J.: 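Here it is: the structure, laid out below.
Note that the coordinates shown come from a computational prediction; the quantities given were computed from them, not determined experimentally. One is the number of the first residue; the rest follow in order along the sequence. Just so you know, these numbers use all the heavy atoms, side chains as well, and skip hydrogens, waters and symmetry mates.
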Amino acid sequence: MEYILSSLTFTGITLIGVLGVYLITGLTGLFSLGQAAFMAVGAYVSAVLVKTFDLPFPVAVIVAIAVGLLAGLLVGLPTVKLRRDYISLVTLGFGETIIAVLNNSTNITGGAMGLSGIPQITNFPIVLASVIVCLLIVISYKYSKYGRQCLALRSDELAAKAMGIDVNKLKLTTFLLASAMTSYAGVLYGFFTSYVEPGAYGWQVSAEWTIIVFVGGINSLTGTIVATILLTGLPELLRAASEWRIVVYCVIVLLIINFRPKGIFGEFEFSLKTIKAWLGKGASA
């Protein structure tokens with residue numbers, strides 16, 4: 001039971017990080033290969049504040065998110081003016097820069113050896129509540145005027161500009177929201193594992209999160225949630241059979257890419273309207 005709760009907790013933390021990628025890629029159509037770096041920022045800032053400076057955990061969380069927002073602002077301001085493919089390159093460079101800084105700041109971060117002895121505060125109830133709050137934020141943003149503008153931006157940036165949408169401001173707002181959310185995921189991760197090290201936040205993690213969004217369906221928040229559970233929770237539960245874990249993971253991804261190129265859910269979104277439609281069909285049958 002403890003192992004299952006641990007796997008669910010890790011899956012929930014990953015889902016919060018993936019929601020940040022969904023905001024950027026799923027809504028605006030941009031690609032960021034440096035999202036995991038914001039997770040590193042949140043994890044390291046909060047861990048150092050609590051372990052070295054004895055700050056209360058809630059205060060460390062707020063400061064870590066604020067630092068993540070500042071980092072997002074520094075990266076986002078010049079980046080949002082670029083074309084989509086260049087944005088992925090800039091964010092990749094940002095991510096590698098953060099990893100290099102963490103590796104070389106031995107006195108503060110422990111360098112390549114990482115930072116250990118972090119108090120274990122994160123548990124399943126905290127992660128579950130955090131996932132619910134983050135989901136509500138993403139849903140509210142998606143169905144707000146900003147979310148509709150993001151969909152217009154994703155479809156055609158020039159047409160969105162012609163309609164009077166400030167695309168640079170919209171990109172920056174979405175990028176900052178994603179940065180804050182991913183930084184918070186880093187806080188939860190650091191205080192769950194009690195250990196952080198730079199290698200856990202490389203561009204591969206960002207690429208994996210992007211794959212999850214595409215597998216679930218780039219237009220579907222429901223698909224993102226299901227794909228995160230499937231591609232993160234399943235490998236964790238299969239960890240006992242480590243020699244088969246990666247094989248099963250790869251087979252699932254390949255099957256979906258070949259037979260469902262738009263992702264598992266495509267543009268489908270689970271909602272109250274969907275439930276009512278299903279109930280209506282069942283009643284008529």
J.: In Å and rounded to the nearest 0.5 Å, what is the CD1 to CD distance from Ile99 to Glu96?
T.: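 Answer for the CD1-CD pair, Ile99 versus Glu96, is 6.5 Å.
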J.: Please work out whether the ring planes of Tyr141 and Tyr146 are parallel, tilted or perpendicular, with thresholds of 30° and 60°.
T.: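 Rings of Tyr141 and Tyr146: parallel, under 30°.
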J.: Taking the side chain as C-beta and beyond, is there a heavy-atom pair between Leu15 and Thr228 under 4.5 Å?
T.: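 The answer is yes; the side chains approach within 4.5 Å.
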J.: Answer yes or no: is there a side-chain heavy-atom contact under 4.5 Å between Val187 and Phe191?
T.: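 Yes, close enough: below the 4.5 Å cut-off.
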J.: Measuring from Ser32:OG to Leu89:CG, what's the distance to the nearest 0.5 Å?
T.: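 The distance works out to 11.5 Å.
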J.: Taking all atoms of both residues into account, what is the closest heavy-atom pair of Ala178 and Gly20, and its distance?
T.: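 Looks like CB-O, 3.3 Å.
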J.: With the side chain counted from C-beta on, respond yes when Ile16 and Val131 share a heavy-atom pair under 4.5 Å apart, and no when they do not.
T.: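 They are in contact (side-chain heavy atoms under 4.5 Å apart), so the answer is yes.
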J.: For the backbone of Val80 and the side chain of Lys171, can you confirm whether one donor and one acceptor N or O come within less than 3.5 Å of each other?
T.: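 Yes, because the side chain of Lys171 sits within donor-acceptor range (under 3.5 Å) of the backbone of Val80.
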J.: Give me the atom names and distance for the closest heavy-atom approach of Leu170 to Cys150.
T.: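 Smallest interatomic distance, heavy atoms only, reads CD2-N, 3.6 Å.
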J.: Which value, rounded to the nearest 0.5 Å, describes the distance between Tyr44 atom OH and Ile98 atom CD1?
T.: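 The OH atom of Tyr44 sits 11.5 Å away from the CD1 atom of Ile98.
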J.: Give a yes or no on whether Leu221 and Leu27 share a hydrophobic cluster (residues Ile, Leu, Val, Met, Phe, Trp, Tyr; joining criterion: side-chain heavy atoms under 4.5 Å apart).
T.: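 The answer is yes; both residues are in one hydrophobic cluster.
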J.: In the structure I gave you, are the side-chain heavy atoms of Met39 and Leu188 within less than 4.5 Å of one another anywhere?
T.: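 Contact flag for Met39/Leu188 side chains = no.
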J.: Taking all heavy atoms of Ala37 and all of Phe94, pick out the closest pair and write down the distance.
T.: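 Closest heavy-atom pair between Ala37 and Phe94: CB-CE2, 3.7 Å.
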J.: Taking the side chain as C-beta and beyond, is there a heavy-atom pair between Ile264 and Leu230 under 4.5 Å?
T.: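 The answer is yes, as the side chains (C-beta and beyond) meet within the 4.5 Å cut-off.
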J.: Does the side-chain contact (heavy atoms from CB on, under 4.5 Å) test come out yes or no for Val59 and Val61, once each step is laid out?
T.: CA-CA 5 Å; Val59 176; Val61 172; over 6 Å; no
J.: Run Leu115 and Glu197 through side-chain contact (heavy atoms from CB on, under 4.5 Å) and show every step you take.
T.: CA-CA 6 Å; Leu115 194 63; Glu197 55 97 11; over 6 Å; no
J.: Atom CZ of Arg148 and atom NZ of Lys142: how far apart are they, to the nearest 0.5 Å?
T.: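 Atom-to-atom, Arg148:CZ and Lys142:NZ are 12.5 Å apart.
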J.: Any chance you could measure Gln149, atom CD, to Thr173, atom OG1, to the nearest 0.5 Å?
T.: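 So the gap between those two atoms works out to 9.5 Å.
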J.: Check whether any side-chain heavy atom of Phe31 lies under 4.5 Å from a side-chain heavy atom of Ile87, and answer yes or no.
T.: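 No, side chains not in contact.
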J.: Check whether Thr224 reaches the backbone of Tyr22 with its side chain - one donor and one acceptor, N or O, closer than 3.5 Å.
T.: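 No, because the side chain of Thr224 does not come within donor-acceptor range (under 3.5 Å) of the backbone of Tyr22.
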J.: Evaluate the criterion side-chain contact (heavy atoms from CB on, under 4.5 Å) for residue pair Val41 and Tyr201; output intermediate values, then yes/no.
T.: CA-CA 10 Å; Val41 170; Tyr201 308 102; over 6 Å; no
J.: Please name the pair of heavy atoms, one in Ile121 and one in Ile126, separated by the smallest distance, quoted to 0.1 Å.
T.: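 Minimum heavy-atom contact is O-CD1, 3.6 Å.
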J.: Could you report the tightest heavy-atom contact between Gly68 and Ser183, atom names first, then the distance?
T.: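 Looking at all heavy atoms of both residues, the closest pair is CA-OG, 3.3 Å.
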J.: Of all heavy-atom pairs between Leu23 and Met181, which one has the smallest distance, and what is that distance?
T.: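 The answer is CD1-CE, 4.3 Å.
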J.: Please examine the side chains of Tyr189 and Phe10, heavy atoms only from C-beta on, and report whether any two atoms are closer than 4.5 Å.
T.: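 With C-beta onward as the side chain, the pair touches.
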J.: Say you draw a straight line from CD1 of Ile13 to OH of Tyr184; how long is it, rounded to the nearest 0.5 Å?
T.: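 Ile13 atom CD1 to Tyr184 atom OH measures 9.5 Å (nearest 0.5 Å).
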J.: What about Trp203 and Val101, same hydrophobic cluster or not, with Ile/Leu/Val/Met/Phe/Trp/Tyr joined at side-chain heavy-atom distances under 4.5 Å?
T.: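 No, Trp203 does not connect to Val101 through the hydrophobic network.
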J.: State yes or no: do Leu128 and Leu5 share one hydrophobic cluster built from I, L, V, M, F, W and Y residues joined by side-chain heavy-atom distances below 4.5 Å, directly or via other members?
T.: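 Leu128 and Leu5: one cluster.
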J.: Would you find a donor on one side and an acceptor on the other, under 3.5 Å apart, between the side chain of Ser46 and the backbone of Ala43?
T.: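 Flag set: sc Ser46 to bb Ala43 pair under 3.5 Å.
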J.: Answer yes or no: is there a donor N or O on one side and an acceptor on the other, between the side chain of Gln120 and the main chain of Phe192, under 3.5 Å?
T.: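 Present.
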J.: Identify whether Leu19 and Ile211 are in the same connected component of the hydrophobic contact network (ILVMFWY, side-chain heavy atoms under 4.5 Å).
T.: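 Yes, Leu19 and Ile211 fall within the same hydrophobic cluster.
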J.: Run Val50 and Ile118 through side-chain contact (heavy atoms from CB on, under 4.5 Å) and show every step you take.
T.: CA-CA 8 Å; Val50 170; Ile118 305 169; over 6 Å; no
J.: Is it possible for you to say whether Ile108 and Tyr195 belong to one hydrophobic cluster, with membership spreading through side-chain heavy-atom contacts below 4.5 Å?
T.: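 Result: no, two separate clusters.
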J.: Please check if the side chain of Thr91 supplies one atom and the backbone of Leu33 the other of a donor-acceptor pair under 3.5 Å.
T.: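 Pair found, side chain donor or acceptor close to backbone of Leu33.
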J.: Among Val21, Thr25, Thr232, exactly one meets side chain to side chain contact (heavy atoms under 4.5 Å, CB included) together with Trp209. Which residue is that?
T.: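 Answer to the side chain to side chain contact (heavy atoms under 4.5 Å, CB included) test with Trp209 among Val21, Thr25, Thr232: Val21.
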J.: Considering only heavy atoms from C-beta outward, does the side chain of Val167 approach that of Lys161 to under 4.5 Å?
T.: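 Of all side-chain heavy-atom pairs linking Lys161 with Val167, at least one is under 4.5 Å.
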J.: Relative to the ring of Phe38, is the ring of Phe175 parallel (under 30°), tilted (30 to 60°) or perpendicular (over 60°)?
T.: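 Perpendicular: the ring planes of Phe175 and Phe38 meet at over 60°.
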J.: Under the criterion side-chain hydrogen bond (donor to acceptor under 3.5 Å, both in side chains), I'd like the reasoning laid out for Gln35 against Ser206: C-alpha separation, chi angles, the key distance, then a yes or no.
T.: CA-CA 6 Å; Gln35 283 307 108; Ser206 303; over 6 Å; no
